[in-house]
Amino acid sequence: MSIEQSSPNRSDRKPRVALVFGGRSSEHAISVSTAGSVLRAIDRDKYDVLPIGITHEGRWALTSDEPARMAITDGKLPDVAHVAEGVDGQVALPVAPGDREVVLTEPGSAPKALGEVDVVFPLLHGPWGEDGTLQGLLELSGVPYVGNGVLASAAGMDKEFAKRILASHGLDVGRYTIVRPRDWETEAGRAAVRERAAELGLPLFVKPCRAGSSIGITKVKDLADLDAAIEEARRHDPKLIIEAGVTGREIECGVLEFEDGPRASVAGEILVGEGFDFYDFEAKYIDSSDVKIPADLTAGELAEIQRQAVEAFEALGCEGLARVDFFLLEDGTWMINEINTMPGFTPISAFPKMWEASGVSYPELIDRLLATALRRSTGLR
């Protein structure tokens with residue numbers, strides 16, 4: 001098999017960043033929007049960028065470097081298919097340690113070398129990307145990448161195991177029950193699920209166990225609506241989590257890895273737009289919901305959420321970055337809602353906005369994440 005071109009010596013060029021986005025999960029559009037924001041902000045004097053999109057079907061495609069086409073505009077969601085260069089080309093990342101060459105293959109043409117990459121920036125949300133699968137591929141290839149490793153990514157994606165780990169460190173994660181696929185396959189199993197849910201009280205939140213961006217979530221105020229909520233969540237994940245509702249303020253905190261260890265940002269408070277019962281997908285990405293940054297907290301409250309955010313980051317063995325979502329309960333205590341190991345980088349995303357309020361600009365944030373990844377080895381560490 002012939003290759004059309006070779007890459008220059010690594011020492012003679014800027015670091016090459018492969019930006020990987022899109023993916024097969026229901027969060028595809030949010031990932032595309034995130035990639036557009038990063039493309040717009042990354043320092044082109046310091047880094048060369050190779051944008052690679054993964055279609056809904058799983059094809060890795062070379063895409064145009066046009067951030068404006070990747071934005072959510074007038075409620076219309078972006079798609080890798082709209083920015084892919086060609087409908088048949090397939091991009092392949094290196095598969096052997098020490099090999100950094102990215103290759104494009106197209107029907108009827110010789111493979112084309114796109115040059116070496118020094119680091120991958122995975123901007124995938126949800127399964128098949130944020131959950132440790134892509135991270136495992138990159139570990140096998142020996143290619144450095146931004147963000148969390150295989151275990152932290154997998155545990156952070158699965159709400160059950162994230163809660164188990166966090167609870168083992170003494171962090172409050174609230175009351176919940178898990179619905180596994182087999183639990184919903186028989187009438188006896190469904191009856192047991194209904195009974196466990198009823199014991200949690202109302203309201204309930206029924207969620208896909210391994211998804212984000214508030215996709216597939218239903219707030220249940222009447223147990224008569226429970227079955228429909230479960231069926232909706234099962235459209236996105238056969239494994240579900242049912243959580244007891246709580247009364248409190250929704251507060252988020254970002255964690256970023258520095259040379260001396262992880263640090264927490266200022267906090268942000270979610271202000272759900274009028275007419276929305278909770279922070280669902282439409283409220284988060286389409287409507288006028290906002291995150292107040294910094295959140296109106298006392299010095300003691302801020303110190304405590306920052307302490308718990310860093311503790312959660314370290315409990316899961318996180319690297320690079322994470323966003324930890326909390327409830328500040330009526331009695332003044334904190335409860336962790338979830339940890340997000342690849343928080344959004346869209347223009348309205350809380351993570352970059354919280355760090356900007358903490359003194360780290362959006363371009364500086366991207367640069368720090370890339371620099372941390374380039375310093376870090378793959379494999380056991």
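Numbers for residues simply follow the sequence, beginning at 1.
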Considering all heavy atoms, the nearest Val120-Pro122 contact: O-CD, 3.3 Å

Taking atom types as modelled and ignoring hydrogens, do the side chains of Trp334 and Glu301 form a donor-acceptor contact shorter than 3.5 angstrom? no

Between Arg196 and Glu199, is the closest basic N to carboxylate O distance under 4.0 Å? no

Report yes if the side chains of Val360 and Arg368 come closer than 4.5 Å at any heavy-atom pair, otherwise no. no

When you look at CG of Asp260, are more than 12 heavy atoms from neighbouring residues, nucleotides or ligands closer to it than 6.0 Å? yes

Is Ile54 linked to Met157 within one hydrophobic cluster, defined over Ile, Leu, Val, Met, Phe, Trp and Tyr using a side-chain heavy-atom separation of less than 4.5 Å? no

What I want to check is whether the side chains of Gln135 and Glu139 have a donor and an acceptor closer together than 3.5 Å. no

Below 30° counts as parallel, above 60° as perpendicular, anything between as tilted: where do the rings of His56 and His28 land? parallel

Could you report the tightest heavy-atom contact between Met354 and Glu252, atom names first, then the distance? SD-O, 3.3 Å

Find out whether Ile178 and Asp183 are in side-chain contact, i.e. whether some heavy atom of one side chain is under 4.5 Å from a heavy atom of the other. no

Please check if Val150 and Leu140 belong to a single hydrophobic cluster, counting links between Ile, Leu, Val, Met, Phe, Trp and Tyr side chain heavy atoms closer than 4.5 Å. no

For the pair Asp131 (side chain) and Gly129 (backbone), establish whether a donor and an acceptor sit closer than 3.5 Å, ignoring hydrogens and angles. yes

Value rounded to 0.5 Å, distance of CE in Met335 from CG in Leu328: 11.5 Å

Quick check against the 3.5 Å criterion: does Arg69 have a side-chain atom that pairs as donor or acceptor with the backbone of Pro78? no

Please determine whether salt bridge (Lys or Arg N to Asp or Glu O under 4.0 Å) holds for the pair Glu356 and Lys353, giving the CA-CA distance in whole Å, both sets of side-chain angles, and the decisive distance to 0.1 Å. CA-CA 5 Å; Glu356 185 172 21; Lys353 290 168 68 176; over 6 Å; no

Can Phe351 be reached from Val324 by stepping across I, L, V, M, F, W or Y side chains whose heavy atoms are under 4.5 Å apart? no

Could you please spell out the steps behind the side-chain contact (heavy atoms from CB on, under 4.5 Å) verdict for Leu138 and Leu93? CA-CA 9 Å; Leu138 296 171; Leu93 289 179; 4.0 Å; yes

Is there a path of hydrophobic side-chain contacts, each under 4.5 Å between heavy atoms, that joins Ile251 and Leu329? no

Indicate yes or no for a side-chain donor-acceptor contact from Ser168 to the backbone of Ile165 under 3.5 Å, with no hydrogens or angles considered. yes

Evaluate the salt bridge (Lys or Arg N to Asp or Glu O under 4.0 Å) criterion for residues Glu232 and Arg235: first the C-alpha distance (whole Å), next the side-chain angles of each, then the deciding distance (0.1 Å), finally the verdict. CA-CA 5 Å; Glu232 169 59 23; Arg235 291 179 53 236; 3.0 Å; yes

Considering non-hydrogen atoms only, spot the tightest contact between Ser153 and Gly132 and give its length. CB-N, 3.4 Å

Once the angle between the rings of Trp355 and Phe258 is folded into 0 to 90°, is it parallel (under 30°), tilted (30 to 60°) or perpendicular (over 60°)? tilted

Heavy-atom count around Arg381 CZ within 6.0 Å, excluding the residue itself: above 12? yes

Are Ile366 and Phe121 packed together at the side-chain level, in the sense that at least one heavy-atom pair is separated by less than 4.5 angstrom? yes

Run Ile241 and Lys163 through side-chain contact (heavy atoms from CB on, under 4.5 Å) and show every step you take. CA-CA 11 Å; Ile241 185 168; Lys163 287 179 181 291; 3.5 Å; yes

Of all heavy-atom pairs linking Ala373 and Val119, the shortest is CB-CG2, 3.7 Å

Is any side-chain heavy atom of Arg210 closer than 4.5 Å to one of Glu130? no

Neighbour count >12 (heavy atoms, 6.0 Å) for atom CD, Glu187: yes

Over all atoms of both residues, closest heavy-atom pair of Pro51 and Leu62: O-CD1, 3.9 Å

Kindly indicate, with the supporting measurements, whether the criterion side-chain contact (heavy atoms from CB on, under 4.5 Å) is fulfilled by Phe345 and Tyr362. CA-CA 9 Å; Phe345 276 80; Tyr362 197 172; 3.4 Å; yes

State whether the side chain of Arg376 and the backbone N or O of Val146 hold a donor-acceptor pair below 3.5 Å, judged by distance alone. no

Do any N or O atoms from the side chain of Glu101 and from the backbone of Gly115 form a donor-acceptor pair under 3.5 angstrom? yes

Pick one: which of Arg13, Arg375, Lys14, Lys46 meets salt bridge (Lys or Arg N to Asp or Glu O under 4.0 Å) with Asp118? Arg13

Flag yes if Val179 and Ile217 sit in one hydrophobic cluster, no otherwise; membership is Ile, Leu, Val, Met, Phe, Trp, Tyr, and two members link when side-chain heavy atoms are under 4.5 Å apart. no

Evaluate the salt bridge (Lys or Arg N to Asp or Glu O under 4.0 Å) criterion for residues Glu116 and Arg16: first the C-alpha distance (whole Å), next the side-chain angles of each, then the deciding distance (0.1 Å), finally the verdict. CA-CA 7 Å; Glu116 294 186 340; Arg16 193 108 182 281; over 6 Å; no

Within this structure, what is the CE-OG1 distance for the pair Met342 and Thr34, rounded to the nearest 0.5 Å? 9.0 Å

Kindly indicate whether the side chain of Asp296, heavy atoms from C-beta on, has any atom under 4.5 Å from the side chain of Arg249. yes

Verdict with reasoning, Arg194 to Leu226, per side-chain contact (heavy atoms from CB on, under 4.5 Å): CA-CA 8 Å; Arg194 296 182 192 112; Leu226 178 64; 4.2 Å; yes

Nearest-0.5 Å distance, CD of residue Glu311 to CD of residue Glu304: 9.0 Å

What is the distance from atom CZ of Arg323 to atom CG of Asp325, rounded to the nearest 0.5 Å? 4.0 Å

Test your reading of the model: is there a side-chain donor-acceptor pair from Gln306 to the backbone of Ser265, 3.5 Å cut-off? yes

Are Pro144 and Arg100 packed together at the side-chain level, in the sense that at least one heavy-atom pair is separated by less than 4.5 angstrom? yes

Does any N or O in the side chain of Asn148 come within less than 3.5 Å of the main-chain N or O of Leu321, such that one atom is a donor and the other an acceptor? yes

Report yes or no: does Thr341 contribute a side-chain atom to a donor-acceptor pair with the main-chain N or O of Gly147 at less than 3.5 Å? no

Residue pair Val266 / Ile293, side-chain heavy-atom distance below 4.5 Å: yes

Under the rule for side-chain contact (heavy atoms from CB on, under 4.5 Å), what residues qualify as partners of Asp45, not counting sequence neighbours? Asp43

Polar side-chain atom of Lys159 near backbone of Ala211 as donor-acceptor pair, under 3.5 Å: yes

Compare every heavy atom of Ala71 with every heavy atom of Ser33, then report the nearest pair and how far apart it is. OG-CA, 4.5 Å

Enter the distance from Phe326:CZ to Ile339:CD1 here, rounded to the nearest 0.5 Å. 8.5 Å

When rounded to the nearest 0.5 angstrom, what is the spacing between CG in Asn337 and CD1 in Ile270? 8.0 Å

So, Asp74 side chain and Lys76 main chain: donor-acceptor pair closer than 3.5 Å or not? no

Should the pair Lys292-Asp290 be classified as a salt bridge under the 4.0 Å nitrogen-to-oxygen rule? no

Contact check, side chains of Val38 and Val49, non-hydrogen atoms, under 4.5 Å: no

Scan side-chain atoms only and decide if Glu160 and Tyr176 contain a donor-acceptor pair under the 3.5 Å cut-off. no

